[in-house]
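Just follow the structure's listing: the first ligand is 1, and inside any ligand the first atom is 1.
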Amino acid sequence: MTEPSPAGLAAARLLARLVGLGLRHVVVSPGSRSQALALAAAALEREGLLRLHVRIDERVAGFTALGLAAESGVPVAVVVTSGTAVAELHPAVLEAHHAGVPLLLLTADRPAELRGTGSNQTTVQPGIFGVAVAEVLDVPAPAGEADGDAAERAAQHAWTVASGRGQPVQLNLAYREPLSSRVERIGALGASPARIERGREALLIEPGPRTVVIAGDRAGEEAEAFARAIDAPLLAEVSSGARFGPQLVGAYRPLLDDPEFGGRIERAIVFGHPTLSRQIPALLSRADVDAVLVGPPGGEWFDPTGRRAARVGAVQAESADTDRAWRGRWVAASRRLLDEQADDLPYAGDPDSPGGRELREHQRAELAALRAPISRRSLVGAMWRATWPHDRLVLAASRLIREMDAAVPGKRIRVLANRGLAGIDGTVSTATGVALALAETGRQGTTRVLLGDLALLHDAGALLRTPGEPEVRLQVVVGDDGGGTIFDSLEVAGTADPADFERVLRTPRTVDYAALAAAYGWDHQRITNRGDLDRALTAPAPGRSLIEVPLR
Ligand SMILES: Cc1ncc(C[n+]2csc(CCOP(=O)(O)OP(=O)(O)O)c2C)c(N)n1
Ligand SMILES: [Mg+2]
């Protein structure tokens with residue numbers, strides 16, 4: 001057998017060290033300079049020590065890693081070769097930075113002697129992600145066995161920073177030829193796992209002022225628990241992870257506009273990153289509202305108060321707020337508003353009444369409702385109803401996330417959305433990462449993705465399947481309304497020339513979704529009424545399916 005090359009050995013030791021620290025998933029895109037890392041990842045998977053996912057497009061790889069990390073809660077590594085391949089990761093890195101998701105970017109590079117010489121596929125990689133990474137480690141090309149120590153130290157440091165701060169870290173790894181060699185029993189190179197806990201000092205919240213708890217994106221269940229502890233209204237966005245429980249105020253937008261509700265708030269305690277309404281930033285920027293921001297475990301502070309707000313790592317309830325009537329009024333008003341707007345099956349008569357005209361009327365109304373065309377409101381309602389705690393819901397930055405946020409009642413389900421920068425890119429990739437992480441835990445849930453037509457077309461490359469990859473239960477639901485209709489609500493929709501508006505903003509496209517699905521080997525259904533929609537969602541085809549819902 002040939003001697004292991006310094007590149008092969010250092011790459012193997014680096015990945016094995018990461019596995020020892022808790023790394024579970026690696027996403028790899030093919031390339032020559034990165035071959036030692038890719039082969040080490042394959043060997044570690046063979047040894048049962050991690051899961052390897054292979055994606056041709058690094059943009060897809062980056063967002064897949066993001067989905068895996070968001071779902072699993074630990075850093076995920078992504079391996080790419082040098083040159084433009086590194087830049088393809090940038091959108092996912094920006095999203096991870098703003099949302100607070102830990103990623104390890106293993107970017108292979110040329111050795112120092114080839115940099116700045118016009119050598120093929122060589123650019124300035126260290127620092128290419130700017131402020132979006134918590135740290136950049138530029139590791140020189142290993143020349144001998146001892147350089148494996150440096151690779152392990154870099155791995156340890158990168159893991160500590162990424163997991164401790166909930167941020168992406170770039171490990172720029174130079175390799176010299178020979179770029180790889182066989183390395184046996186890689187797992188034995190790793191060390192035992194270490195746990196990193198973050199200290200979070202809690203601010204004591206005293207009762208008194210009329211308080212609301214706000215849960216933005218990624219707030220998590222602690223927001224709900226805290227609202228219950230102080231018995232305050234909980235204004236929870238749909239992707240907060242806290243849209244449930246007895247405190248929930250789903251219809252928070254109209255109520256914040258109401259002087260009797262929003263106008264009387266004296267204190268707001270904010271978890272996560274609210275992005276879906278204009279009312280919440282407006283509330284927090286009011287001088288008469290005390291804001292307490294509860295620290296992001298990564299990501300950045302959401303602070304429209306001009307730094308007036310208290311920024312704390314955690315909050316603790318001194319005792320339940322005594323103003324029960326305050327919470328009660330919010331919750332009751334919200335329920336009333338949501339009921340009024342519901343676009344559900346019309347109800348005619350009492351279905352339990354024995355026979356006769358009433359029953360026939362009820363049956364007729366039910367049948368008519370099942371055959372009714374699908375509106376945005378009924379689409380988001382059906383997706384919400386079909387999703388259960390073992391499932392996952394992933395929402396694109398299309399208009400439909402706002403529709404869902406405005407309409408759905410409380411339910412303890414996990415909803416993910418890339419709200420760090422709210423890009424329409426990478427949604428299918430992210431959802432695939434979520435589904436893969438979910439499958440890894442052995443749970444049987446379905447990951448459902450709701451996106452607009454442009455968001456789907458933006459990430460169509462993510463439909464590409466990887467041979468041999470374990471099947472996941474993934475249902476991609478596209479609401480096709482003829483382009484970016486989110487722009488219809490902007491002032492420009494009324495002022496611009498309609499043809500220009502259509503051409504450069506709304507940008508509708510005609511796509512044969514059945515052919516698109518067939519090209520990538522996905523199941524496809526085109527669904528035009530509510531009965532069929534409920535059936536398709538509650539009995540999802542095994543594997544990957546694309547559900548086309550015309551909304552125009
Ligand atoms: C990467 C990226 N490019 C552009 C935008 C701007 N943008 C926001 S929404 C949108 C249109 C979305 O269209 P679609 O997915 O069909 O959703 P709809 O608004 O029709 O529900 C665009 C282009 C963005 N957020 N992210
Ligand atoms: Mg659209």
Side-chain angles (χ1 to χ4, degrees), residues 57-60 62-64 66-67 87-99 129 132 217 238-239 273 275-278 343 373-384 393-408 415-431 448-463 476-494 496 498 500-513 516 526-528 546-552:
D57 179 340
E58 293 81 6
R59 221 166 42 138
V60 174
F63 277 108
T64 304
L66 181 80
E88 306 286 354
L89 295 177
H90 212 149
V93 172
L94 285 174
E95 173 60 29
H97 168 62
H98 288 275
F129 303 116
D217 186 57
V238 70
S239 66
H273 182 189
T275 65
L276 293 175
S277 74
R278 60 171 174 75
D343 184 16
I374 298 165
S375 62
R376 284 194 186 81
R377 191 52 59 101
S378 60
L379 175 57
V380 299
M383 294 280 290
W384 191 253
L393 194 53
V394 180
L395 305 174
S398 308
R399 185 172 156 184
L400 290 160
I401 187 174
R402 289 172 203 270
E403 190 76 29
M404 191 176 263
D405 187 59
V408 295
V415 182
L416 296 102
N418 285 337
R419 300 305 299 174
L421 283 186
I424 59 162
D425 45 352
T427 315
V428 178
S429 308
T430 304
R448 291 191 184 81
V449 195
L450 179 60
L451 31 57
D453 44 325
L454 294 194
L456 173 70
L457 297 175
H458 204 297
D459 202 23
L463 299 173
V476 173
V477 180
V478 54
D480 180 6
D481 55 6
T485 59
I486 205 164
F487 300 129
D488 294 357
S489 59
L490 304 183
E491 200 181 331
V492 61
D500 290 350
F501 175 78
E502 176 116 340
R503 182 162 181 228
V504 302
L505 277 150
R506 209 173 204 263
T507 56
R509 297 290 182 268
T510 304
V511 170
D512 182 340
Y513 290 100
L516 178 70
R526 182 173 193 274
I527 287 185
T528 55
L546 176 64
I547 296 187
E548 171 189 358
V549 180
L551 293 173
R552 49 174 155 178

For [atom], closest protein heavy-atom neighbour:
atom	answer
atom 22 (C) of ligand 1	F487 CZ, 3.4 Å
atom 16 (O) of ligand 1	D453 OD1, 2.6 Å
atom 11 (C) of ligand 1	G484 CA, 3.7 Å

Considering distance alone, does some N or O of [X] sit under 3.5 Å from an N or O of ligand 1?
X	value
S398	yes
G483	yes
T485	yes
I424	yes

(message) Using heavy atoms and a 4.0 Å limit, tell me yes or no: is D425 in contact with ligand 1?
(response) yes
(request) Check whether any heavy atom of A396 sits under 4.0 Å from an atom of ligand 1. (result) no
(request) May I ask you to decide whether D425 forms a salt bridge with R59, counting only side-chain N to carboxylate O separations under 4.0 Å? (result) no
Tell me whether [X] contacts the main-chain N or O of [Y] through its side chain, where contact means a donor paired with an acceptor under 3.5 Å.
X	Y	value
D500	E502	no
T485	D488	no
R376	L400	no
S398	G452	yes
T430	G426	yes
D453	R509	no
D217	H273	no
E95	R419	yes

Could you list which atoms of ligand 1 come closer than 4.0 Å to a heavy atom of [X]?
X	answer
A422	25 (N)
R399	17 (O), 18 (P), 19 (O), 21 (O)
A455	15 (O)
L454	13 (O), 14 (P), 15 (O), 16 (O)

(message) Return the CZ to OH distance between R526 and Y513, rounded to the nearest 0.5 Å.
(response) 10.5 Å
(request) Would you give the length of the straight line joining atom CG of L551 to atom CG of D480, rounded to the nearest 0.5 angstrom? (result) 7.5 Å
(message) Strictly by salt bridge (charged side-chain N to carboxylate O under 4.0 Å, His left out), give each pair with a member in residues 394-403 just once, sequence neighbours left out.
(response) R377-E403
(request) Could you see which bit of P91 sits under 4.0 Å from ligand 1, with heavy atoms only: side chain, backbone, both or neither? (result) neither
(request) Please work out whether any backbone atom (N, CA, C, O) or any side-chain heavy atom from C-beta onward of I486 is under 4.0 Å from ligand 1, and answer side chain, backbone, both or neither. (result) both
(request) Mind listing the closest non-hydrogen atom pair of L66 and A92 along with its distance? (result) CD1-O, 4.1 Å
(message) For the Mg ion (ligand 2), what is the number of protein N, O or S atoms at a distance under 2.8 Å?
(response) 3
